[in-house]
Protein chains: 2
Amino acid sequence: MVSDRGIGPDETNPGLVSAAIQAITQHIRVEGLGPGDLLPSEADMTRKLSVSRTVVREAFRSLSAMRLIDMSAGRRASVAKLDIGAMSMVIEHGVTTEQISVQQVYDVRRTIEMRTVALAALRRTDAEAAEIQKCARLMRENYRAPEIVMEHDIAFHEAIARASHNPVFSLIINAFSGVTRRTWVIGWRTRVTEEEQIKMIEGHADIARAIIAGNPQLAAEHMAAHFDKSVKALIDAGIA
Amino acid sequence: MVSDRGIGPDETNPGLVSAAIQAITQHIRVEGLGPGDLLPSEADMTRKLSVSRTVVREAFRSLSAMRLIDMSAGRRASVAKLDIGAMSMVIEHGVTTEQISVQQVYDVRRTIEMRTVALAALRRTDAEAAEIQKCARLMRENYRAPEIVMEHDIAFHEAIARASHNPVFSLIINAFSGVTRRTWVIGWRTRVTEEEQIKMIEGHADIARAIIAGNPQLAAEHMAAHFDKSVKALIDAGIA
DNA sequence: CAAGAAAACATGTCATACAGGTTTTGGGCA
DNA sequence: TGCCCAAAACCTGTATGACATGTTTTCTTG
């Protein structure tokens, strides 16, 4: 009954659970559900698919782990808002199992952020511009506390991605933030002098200014310079 | 006993299953496991975490759904090779629930493929060059059968991503192929005349030639032209 | 020593039970 | 009638036990 062609994702391996996952995602598609809409209860699905609740539960739980649906006790599952969810798990997995190098992640980030920063310069709202500028300012104000600088650094890049008004960019950048968090300090430490550290922070301010000025070209140039320096710092630190 | 800090991804929501997922991924990290390495059995995990097999199973199943581990009957689970897995599910979910538009996906693809094509021109092996060229040739040879052209088109872009020698690019491009598959025909239909269709196919040949010639700039230009035309075709067809 | 059977182990699925959270229902009171 | 609250119905979270089926290990036997 179930087609064995791998059209939809995840539909390669057999088993009742995969079929149930497929059935649930198909239900979302067919019913045209959007974020927040309720899914059938596990009992309903159990009847509809004629399988045990165990199977249905594992399917729901899998979708929940990917953050495609939200689950909570007592309530029926609902369609989830777009979220990094699985994406960051995949990236983390790739890095920890050494199938992806940190440098490769940075290359992708550079590629994407050259675009988000240009889009942000063109499409940012005033509120978004303020948010970006605020992150840059907080980096400067806390430049003696690396951990805090890092968080604002990450928030800075996420804010730019948001200002690109393309959620896919946000998704991808956010998915990388776990890796960034685990390598950021290494890059920071290679900037031994306070002057170098301040220069790095000022690089962010340059980017922010270009975005606020609505100058995509300049913003992209500053972003490129920023990444080139960051990658160089990582390479100097011996990150392959 | 279980730390409630949400450092790792997915560690926001409570519950024994999330804790188990965390425990398994942590096991992979701590033990330094790589693709193919075996994980503890469900019974082992049940004992180690002092939870029921139900919980452990749902955790394993969730990781399996994300394709972070491989499961099959009778065998213990093993660490999985890098795979689109969850990534494509997230993208599909975003598109079907209308949180992502097709055009946004194409903008991301354009951004990324401008880079992969340049990298491919610089880093491709001869075998990879041949593969890319073969896809372009097969498109031309089958230009009367849209479905077949489409498959070779998708394979063409995936081959370029592979030739970039950065698996993260491959991952992302592959994650988009589901969306591509569902919109490709629409773009094709707007190219009403046979001449236009052939021109589109020739665009791919141009890209392939530039890659083989090792000319990243030219390759990127052809890729940009290709995407601009594709997006225009989709917009003409009314895809928002 | 090799081949094959048996045992041990592993996952896949099902049924049942109960705790605890959420929504619905319905009755009582103003 | 209309509102509030308690009970009931419904739902998910977790545990346990059982059995089928697939895989690996072990041991016997030729």
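Remember, it's a predicted structure, so these values are computed and weren't measured experimentally.
Of the candidates dC11(D), dT14(D), dC14(C), dC11(D) carries the atom nearest the Ser41(A) side chain, counting heavy atoms from C-beta on. Proximity note for Glu42(B) (side chain, C-beta onward) versus dT14(D), dG12(C), dC14(C): the nearest is dG12(C). Each of dG13(D), dG12(C), dA15(D) was ranked by its minimum atom distance to the side chain of Arg57(A); first place goes to dG13(D).
Across the interface with DNA chain C, nearest-nucleotide mapping of Leu16(A) and Gly74(A) shows Leu16(A) to be the residue nearer the 5′ end. Along DNA chain D, the nucleotide nearest Phe60(A) and the nucleotide nearest Thr54(A) are compared for position; the residue whose nucleotide lies closer to the 5' end is Phe60(A).
A cation-pi arrangement is not found for Arg57(B) relative to Phe60(B), the charged atom failing to lie both closer than 6.0 Å to the ring centre and inside a 45° cone about the ring normal.
Between the side chain of Arg53(B) and the base of dG12(C), at least one donor-acceptor pair of N or O atoms lies under 3.5 Å.
Residue Arg76(B) places none of its side-chain N or O atoms closer than 4.0 Å to OP1 or OP2 of dT11(C). For the pair Arg75(B) and dT25(D), the criterion of a side-chain N or O lying under 4.0 Å from OP1 or OP2 is not met. OP1 or OP2 of dC14(C) lies within a sub-4.0 Å distance of a side-chain N or O belonging to Ser52(A).
The CZ atom of Phe176(A) sits 4.5 Å away from the CD1 atom of Ile91(A) when rounded to the nearest 0.5 Å.
In this structure, the side chains of Leu234(B) and Gln103(B) stay at 4.5 Å or more apart for every pair of heavy atoms.
For the salt bridge (charged side-chain N to carboxylate O under 4.0 Å, His left out) test, no residue two or more places apart in sequence or in another chain qualifies with Glu131(B).
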